[in-house]
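Throughout, protein chains are lettered first and strands after them, A, B, ... in sequence-line order, and every chain is numbered starting at 1. What you see below is based on every heavy atom in this structure, not just the backbone, and it leaves out hydrogens, waters and symmetry mates.
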Amino acid sequence: MLLWALADVNSMYASCEQVFRPDLRGKPVIVASNNDGSIIARNKEAKLLGIKMGAPLHQCMDVIRQNRVAVFSSQYTLYGDMSNRVMTLLADMAPAHEVYSIDEAFLLYPNGLHQAESHGRAIVERIKRCTGLGIGVGFGPTKTLAKLANHIAKTSPSAKGVFDISVLNQLELDALLESLPISEVWGVGRRHAERLGLLGIQSVKQLRDADIDQIKTQFGSVLCRTVLELRGIVCFPLEENAPDKQQIMCSRSFAHEVSDLDVLGSAISHHVCRAMQKLRSQQSVTNGFTIMIRTNPFKPELIQHYGSMTGMLSRATDDTLVVQRLALQVLAKLYRKGYRYKKAGVMLLEVQPKSFHQHDLFEPIQLSNPRRDALMQSMDKIAHRFGREKIKLASELYKGWEMRRERLSPRYTTRWNELPKVTC
DNA sequence: TCTGGGGTCCTAGGACCC
DNA sequence: TCTGGGGTCCTAGGACCC
């Protein structure tokens, strides 16, 4: 009998920081979003202090100071590398797996497991030993139930990090689902939870037993599949190979507001470079892009401007210079003098595989420009080997749009000169 | 002073076609 | 009194995820 597992790292970002800072063990740790804006990760101790997910950092400074909470700026280089290590180990412990997010993977056992719980404990132990990170593992007959089991693994003291929902008998399962609110279900967000509540559906058991036609007509086919998954019917299959991105977005808030067009242009150029690099790394081309700039919506006393404008290309491309040139032209149209901009970004649209892109009827057919392809390859290689900061376009060089990252930890695992120091 | 940055899918409604 | 009946395609917006 087929069995799913969901393994996910406990407080991933906070745990990654803690692994390299043994002095912080047992102490509250939080990680701030880009620009040190809001709180995006908290360890157990920080949660106990009542620090909320998504809360603006500056509103929590009292509790942070009083309790000596360790605060880190987010360091995705580190988290990404630690994630790769975890995923490699997990892949080795199941016949098939799917990396679902930076800190979660589904594992699939097509023939089930005799001792799921002890296997789960072996996974937890191995990840801890090899990476220093704690994980929780939930087993169930569908992805949705495995996710729910994972929630129990992490929150129920008796589960101690591993829980198999598939071994429960019908009465036990009903009692458990009755005790869980629908908001714990994967695919039920705040809006759905509110609307379901109005229909009197509050527990997971009630959702599982709800009228499927009513769910379909009132909430759509996605939630309908979720309900079926709660009944043990597999609707969400394994996706072993992450599909190529259909859109690629790069955007950042600025530490300080920006009014100068050249500085905004520098930010846009930088985001175009990053986005195009992502595009090439999945061997795709883009047909166009949207540029976005906006003022600070949290300052209603300032005059606001949210501007976005799309530029379409005559031919799909993966050439940074082509997109960057047009992007700056679009930005110049979008820009309004005198506004204090807080964020800029670019989104690549109509992303498709380079191997079969559509040619323009009115343009001469040209498969690619070998010189430009070589240039792009060289840029990517240099950036990969020596770091993104070593190769830039001239238009990226205006300063003044940096992020705030005042509590950044070293890139312990990916830079030789930032390796953790060991004292013997 | 200070509020992230990515993504996906689905649906409703309008434009347009014959 | 009764005012066609199907389609497709596109877009904006809403919901969800981490």
Side-chain angles (χ1 to χ4, degrees), chain A residues 6 8-9 11-13 30-41 51-62 64 71-76 79-80 83 98-106 143-144 147 150-151 182-196 215-226 229 235-236 239 242-257 267 270-271 274-275 278-279 282 288 290 292 294-302 308 310 312 340 342-351 403-407:
Chain A
L6 178 79
D8 85 330
V9 179
S11 322
M12 171 79 177
Y13 299 169
I30 61 174
V31 177
S33 65
N34 276 331
N35 219 31
D36 294 348
S38 55
I39 292 161
I40 55 167
I51 297 176
K52 296 274 180 285
M53 186 75 166
L57 186 63
H58 68 95
Q59 286 176 9
C60 305
M61 287 319 287
D62 285 347
I64 287 171
V71 182
F72 291 92
S73 301
S74 35
Q75 170 63 278
Y76 291 98
Y79 313 148
S83 172
E98 170 187 336
V99 177
Y100 176 65
S101 73
I102 193 163
D103 70 337
E104 288 175 75
F106 285 105
K143 280 182 167 179
T144 304
K147 265 270 209 189
N150 181 277
H151 167 72
I182 47 173
S183 52
E184 293 302 339
V185 174
W186 183 45
V188 179
R190 195 168 51 86
R191 297 286 177 159
H192 278 352
E194 277 170 18
R195 285 178 55 208
L196 286 163
I215 295 292
K216 171 114 197 219
T217 50
Q218 293 193 25
F219 297 88
S221 57
V222 177
L223 192 66
C224 185
R225 287 200 280 272
T226 296
E229 283 240 322
C235 297
F236 302 124
E239 289 173 25
D244 284 345
K245 303 273 184 256
Q246 300 169 36
Q247 302 177 338
I248 293 172
M249 183 153 181
C250 287
S251 66
R252 286 286 181 277
S253 300
F254 314 133
H256 304 287
E257 286 144 358
H270 179 80
H271 299 325
R274 281 205 305 140
K278 287 187 200 171
L279 183 78
Q282 65 167 40
T290 296
M292 182 278 298
R294 75 158 159 76
T295 50
N296 190 346
F298 296 101
K299 283 191 180 170
E301 70 277 15
L302 294 182
S308 74
T310 296
M312 296 310 289
R340 299 168 65 174
K342 180 67 179 168
K343 182 174 178 178
V346 58
M347 188 194 285
L348 303 181
L349 310 169
E350 296 185 23
V351 169
M403 274 196 281
R404 181 176 289 108
R405 302 172 94 184
E406 287 169 358
R407 319 261 195 152

task: Would you classify A:Ser74 as touching base, sugar-phosphate or nothing, given that sugar-phosphate means primed atoms plus P, OP1 and OP2, and contacts are heavy atoms under 4.0 Å?
output: nothing
task: Considering just the side-chain nitrogens and oxygens of A:Asn296, establish if one lies under 4.0 Å of OP1 or OP2 belonging to B:dT3.
output: yes
- request: Check the distance between C:dC18's P and A:Ile39's CD1 and give it to me in whole angstrom.
  value: 19 Å
message: Let's go through A:Lys299 and A:Lys342 carefully: what are the C-alpha distance in whole Å and the side-chain angles of both, what is the deciding distance for side-chain contact (heavy atoms from CB on, under 4.5 Å) to 0.1 Å, and is it a yes or a no?
response: CA-CA 10 Å; A:Lys299 283 191 180 170; A:Lys342 180 67 179 168; over 6 Å; no
message: Taking any heavy-atom pair under 4.0 Å as a contact, classify A:His192: base, sugar-phosphate, or nothing.
response: sugar-phosphate
- prompt: With respect to the side chain of A:Met249, which nucleotide from B:dC2, C:dC18, B:dG6 is positioned closest?
  reply: B:dG6
A:Lys147 side chain near C:dC18 phosphate (N/O to OP1/OP2, under 4.0 Å): yes
- request: Could you tell me whether A:Arg190 and A:Glu194 make a salt bridge, using a distance below 4.0 angstrom between a side-chain N and a carboxylate O?
  value: yes
query: Quick one: is C:dC17 close enough that its OP1 or OP2 comes under 4.0 Å of any side-chain N or O from A:Ser101?
result: no
query: Does a nitrogen or oxygen in the side chain of A:Ser38 sit under 4.0 Å from OP1 or OP2 of B:dC2?
result: no
query: Which value, rounded to the nearest 0.5 Å, describes the distance between A:Arg405 atom CZ and A:Asn35 atom CG?
result: 10.0 Å
query: Under 4.0 Å between a side-chain N or O of A:Lys299 and OP1 or OP2 of B:dC2?
result: yes
query: Could you state the CE-C1' distance from A:Met347 to B:dG7, rounded to the nearest angstrom?
result: 9 Å
Presence of A:Ser251 side-chain N/O under 4.0 Å of B:dG6 phosphate oxygens OP1/OP2: yes
query: Out of B:dG5, B:dC2, B:dG7, which nucleotide sits closest to the side chain of A:Lys278?
result: B:dG7
task: Mark yes or no for whether A:Ser74, through its side chain, and A:Ala32, through its backbone, hold a donor-acceptor pair below 3.5 Å.
output: yes
message: Does C:dC16 have OP1 or OP2 under 4.0 Å away from a side-chain N or O of A:Arg190?
response: no
- request: From the options B:dC2, B:dT8, B:dG4, select the nucleotide whose nearest atom is closest to the side chain of A:Asn34.
  value: B:dG4
query: Please give, in whole Å, the distance from C:dA15 P to A:Gln218 CD?
result: 14 Å
task: May I have the distance from A:Asn150 (atom CG) to C:dC18 (atom P), rounded to whole angstrom?
output: 10 Å
- line: Between CG of A:Leu349 and P of C:dC10 the distance, given in whole Å, is 14 Å
task: Could you check whether A:Ile248 gets within reach of a base, just the sugar-phosphate, or nothing at all, counting any heavy atom under 4.0 Å?
output: sugar-phosphate
- prompt: Which part of the nucleic acid, if any, lies within contact of A:Asp36, taking any heavy atom under 4.0 Å across all strands shown: a base, the sugar-phosphate backbone alone, or nothing?
  reply: nothing
message: Considering every strand and a 4.0 Å limit on heavy-atom distances, what is the contact class for A:Arg195: base, sugar-phosphate, or nothing?
response: nothing
field: From B:dG5, B:dG4, B:dT8, nucleotide with atom closest to A:Gln246 side chain
entry: B:dT8
query: Could you state the CD1-C1' distance from A:Ile40 to B:dC2, rounded to the nearest angstrom?
result: 16 Å
message: Nearest heavy atom decides the nucleotide; on that basis, is A:Asp244 or A:Gly220 closer to the 5' end of DNA chain B?
response: A:Asp244
- line: Whole-Å distance, A:Leu348 CG to B:dT8 P, equals 12 Å
- prompt: How is A:Phe219 classified with respect to the nucleic acid when contacts are heavy atoms under 4.0 Å: base, sugar-phosphate, or nothing?
  reply: nothing
message: Please confirm whether the shortest side-chain N or O distance from A:Lys245 to OP1 or OP2 of B:dT8 is below 4.0 Å.
response: no
field: Nearest-0.5 Å distance, CG of residue A:Leu348 to NZ of residue A:Lys278
entry: 9.0 Å
- request: Just name whichever nucleotide pairs with B:dC18, Watson-Crick or G-U, keeping both distances under 3.5 Å, else none.
  value: C:dG5
message: Could you check whether atom CZ of A:Arg294 has more than 12 heavy atoms from other residues, nucleotides or ligands sitting under 6.0 Å from it?
response: yes
message: In whole Å, I'd like the distance from the CZ atom of A:Arg294 to the P atom of B:dG5.
response: 8 Å
message: Taking the six-membered ring of A:Phe236 as reference, does the cationic atom of A:Lys143 (NZ for Lys, CZ for Arg) lie under 6.0 Å from its centre and within 45° of its axis?
response: no
- prompt: For DNA chain B, whose closest nucleotide is more 5', that of A:Asn35 or that of A:Lys216?
  reply: A:Asn35
- prompt: If only side-chain N and O atoms of A:Arg404 are considered, is one of them under 4.0 Å from the OP1 or OP2 phosphate oxygen of B:dT1?
  reply: no
